[in-house]
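Structure first, commentary second.
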Amino acid sequence: MIKIYNTLSRSKETLKPLKGNRVKLFVCGPTVYDNSHIGHARTYISFDVIARYLKYHGYSVFYLQNITDIDDKIIKRAKNTGTDPLNLAREFEAEYLKDMKALGVENVNLYARATEHIKEIIAQIETLLDKGFVYETESGVYFDISKCPDFGKLSNRKIHDLNVHRITPNTDKRNPEDFALWKKKDEEPFWDSPWGLGRPGWHIEDTAITEEYFGSQYDIHGGGLDLIFPHHEAEIAQMESSSGLKPMVRYWMHTGFLNVKGEKMSKSLGNFITIKELLKEYPAEVFRFFVLSTHYRSPIDFSQEILKQSQNSLKRIYKFYETINELLNEDIPKNGENDSLYGELLEDARSKFLEAMDNDFNTPDALSILFDFVRETNRMLKEKEISEESLNNIMSFLKEVEKILGFNFTARSKKSHEHLEGELIDILIDVRAKLRERKNWELSDEIRSRLRDLDINLEDK
RNA sequence: GCCAAGGUAGCUUAGCGGCGAAGCGGUGGACUGCAGAUCCAUUACACGGGAGUUCAAAUCUCUCCCUUGGCUCCA
């Protein structure tokens, strides 16, 4: 039984999908006007593991993500760089997908672009107009928040609390809190609509897209903590008003921020590190470990030092994998008298590991159980002979773990043996040079002749 | 002002009513020709301050302090 912390109820609830074992998961995707930073990566890695675990648990997951490819920021950036907004969006969408691939985020079934769902967006706005929840002005179409008494239920806000504004509200709205569904624009990029040329507001694309692929009600909606208000609040207002069905989403999940020196990492603060920059210095799995060593809802503070710690911690698990792997290549008995001892240890670890994951995807807890298992097994290996069967069982558990958490122990072992040839030869050459300095001709000649056997010819000047 | 998240050993974090947690780091030891890995031990008076509830509180209540975020675009 999986428990999920639901932002809406502020408590953990047992996951019960709307239909059988099918889970419809939607996570807000990026606005593609620039390279993504590691704060975004934190969120997408978190949901990657969530999707992985749901699948492991036997759910059939439809993981949908939108791509915001039309937006003021995109247009502004395009203007500044003298490019076409939609081309710019395509370019950074490709970069985003590359970044995700590099991070091992690979469980999204469908990416849906806002600009390819203009028809659905318009249809939804029309429904809302017919039902009287929205109104048209000279500048666009707006949602009338006063028609939606439970607006604010996700962020625990009352409409009358929303009277502090740091920017001057657009004056042709009825209430300052009303938000745009359609912005009338006579400048490209624009689309034709019943209200003239223009482009969609930010919130409407998500509900139009989810309605198209999921229907008006679905299981899980995720995103960063910063989207709760106003974005997700607006989504609820749009979808529940348009369909008349509540709730639009059964479980709202929000990831905590990634901070740097206690401050939120964000584009506007300029304190961000892009995913590409990060991956130049550290392997993706180190960052993944760093993300998973904190619960997805907690804030996480980024620094080089902590990443170094993560790297060391992860090494411990990798070493353990290698130990098991090496033992498997040795000549050992198929079965042994200690099988039940090893089996007990393993089953205990496995059930606790899964229990931790069941509990709102508590990856730090799960990792700590894994470390316990590593230590205890290492200890037992020193004293009790292990059999092939026990080793195989441990190995299959490690494979489960790597699949759930998205690590790749095997590839890592391989990687360390690739592209190594040249460097190994350099070492031999260096050592041989030192031997020759000491006039140890016998050993240096042996190195040369054995390399020649491998078709590698060294010629001394 | 209003909402939200957080303050747990040197560091990063689990735990969220009752057996003094995990990893990293430090120190000592075992094993090694040496190193590494591994194991053992140890280091850590652990729970922001104060009051209360309870047989029992890091865990519940109240209050105060500190940090961060949202109320504007934001994963």
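Note that the structure is a prediction, hence the values are computed from the model and not measured. First the proteins, then the strands, lettered A, B, ... as listed; each starts at 1.
- The gap from the C1' atom of B/U32 to that of B/G6 amounts to 46 Å, rounded to the nearest Å.
- Distance, A/Tyr111 OH to B/A75 C1': 13 Å, rounded to whole Å.
- Rounded to whole Å, the separation between the C1' atoms of B/U13 and B/G29 comes to 29 Å.
- Backbone-only contact: A/Tyr44 has heavy atoms under 4.0 Å from sugar-phosphate atoms and none from a base.
- What separates CG of A/Asn312 from C1' of B/C24 is a distance of 7 Å, to the nearest Å.
- Judged purely by atom type and a 3.5 angstrom limit, A/Arg288 uses its side chain to pair as donor or acceptor with the backbone of A/Gly104.
- Side-chain atoms of A/Tyr33 never come within 3.5 Å of backbone atoms of A/Ile70 as a donor-acceptor pair (strictly under, hydrogens ignored).
- When the C1' atom is used for both B/U43 and B/G49, the distance is 27 Å, rounded to whole Å.
- Atom NZ in A/Lys264 sits roughly 9 Å away from atom P in B/G69 (whole-Å rounding).
- Base engagement by A/Gly256 is indicated by at least one non-hydrogen atom pair under 4.0 Å involving a base atom.
- Comparing the C1' positions of B/G1 and B/U12 gives a spacing of 35 Å, expressed to the nearest Å.
- The CD-P distance, from A/Glu233 to B/C3, rounds to 15 Å in whole Å.
- When the C1' atom is used for both B/G26 and B/G15, the distance is 25 Å, rounded to whole Å.
- Under the 3.5 Å distance criterion, with hydrogens and angles disregarded, no donor-acceptor pair is assigned to the side chains of A/Lys12 and A/Asn6.
- Of the listed nucleotides (B/G23, B/A75, B/A22), B/G23 has the atom at the smallest distance from the side chain of A/Arg316.
- Residue A/Asn259 places none of its side-chain N or O atoms closer than 4.0 Å to OP1 or OP2 of B/G69.
- Residue contacts for A/Ser368: at a heavy-atom cut-off of 4.0 Å it reaches the sugar-phosphate backbone alone, with no base atom in range.
- Atom NE2 of A/His232 and atom C1' of B/C73 are 14 Å apart (whole Å).
- Pair check for B/C47 finds none; no Watson-Crick or G-U wobble contact set falls under 3.5 Å.
- A/His117 and A/Tyr213 form a side-chain donor-acceptor contact under 3.5 Å, judged by distance and modelled atom types alone.
- Using a 4.0 Å heavy-atom criterion, one finds that A/Gly39 contacts the bases of the nucleic acid, with or without backbone contacts as well.
- Remark: the separation of the P atoms in B/A41 and B/A9 is 23 Å, to the nearest Å.
- In this model, no donor atom of one side chain and acceptor atom of the other lie less than 3.5 Å apart for A/His37 and A/Thr274.
- Using a 4.5 Å cut-off on side-chain heavy atoms (C-beta onward), A/His232 and A/His203 make no contact.
- Checking B/G18 for Watson-Crick or G-U wobble geometry (two distances, each under 3.5 Å) identifies B/C55 as its partner.
- Using the Watson-Crick or G-U wobble rule with both distances under 3.5 Å, B/U67 pairs with B/A5.
- Between A/Arg77 atom CZ and B/C73 atom P there is a gap of 18 Å when expressed in whole angstrom units.
- Relative to the side chain of A/Arg157, the nucleotides B/A75, B/C71, B/U38 differ in distance, and B/C71 lies closest.
- Contact annotation for A/Leu258: base contact, defined as any heavy-atom pair under 4.0 Å involving a base atom.
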- Task: Starting at the 5' end of nucleotides 4-16 of chain B, put B wherever the base has a protein heavy atom under 4.0 Å, S where only the sugar-phosphate does, and a dash everywhere else.
- Result: SS-----BSSSS-

- Message: Would A/Tyr282 and A/Gln304 count as a side chain to side chain contact (heavy atoms under 4.5 Å, CB included) here? Give the steps.
- Response: CA-CA 10 Å; A/Tyr282 289 92; A/Gln304 294 287 332; 3.3 Å; yes

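- B/C11 and B/C2 have their P atoms separated by 33 Å, with the value rounded to a whole Å.
- Taking atom OH of A/Tyr318 as the reference point, atom P of B/G23 lies 18 Å away to the nearest angstrom.
- Between B/G50 and B/C39, the distance separating the two C1' atoms is 45 Å to the nearest Å.
- B/C73 is unpaired under the Watson-Crick or G-U wobble criterion, no partner having all donor-acceptor distances under 3.5 Å.
- Along RNA chain B, the nucleotide closest to A/Ile38 and the one closest to A/Thr323 are compared, and the more 5′ of them pairs with A/Thr323.
- Non-hydrogen atoms lying under 4.0 Å from RNA chain B are contributed by A/Phe371, A/Asp372, A/Arg375, A/Asn378, A/Arg379, A/Lys382, all within residues 371-383 of chain A.
- Without hydrogens or angle criteria, A/Ser368 side chain to A/Pro364 main chain gives no donor-acceptor distance under 3.5 Å.
- Below 30°, between 30° and 60°, or above 60°: for A/Tyr296 and A/Phe47 the angle between ring planes is between 30° and 60°, a tilted geometry.
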- Task: Test A/Lys434 against A/Asn440 for side chain to side chain donor-acceptor pair (under 3.5 Å), laying out the working first.
- Result: CA-CA 9 Å; A/Lys434 281 176 186 155; A/Asn440 190 332; over 6 Å; no

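- Looking at A/Asp301 and A/Asn259, their side chains never bring a donor and an acceptor atom within 3.5 Å of each other.
- What separates CG of A/Asp34 from C1' of B/C73 is a distance of 14 Å, to the nearest Å.
- With 3.5 Å as the limit, one finds no donor-acceptor pair spanning the side chains of A/Asn359 and A/Asp365.
- Partner assigned to B/A41 is B/U27, using Watson-Crick or G-U wobble distances below 3.5 angstrom.
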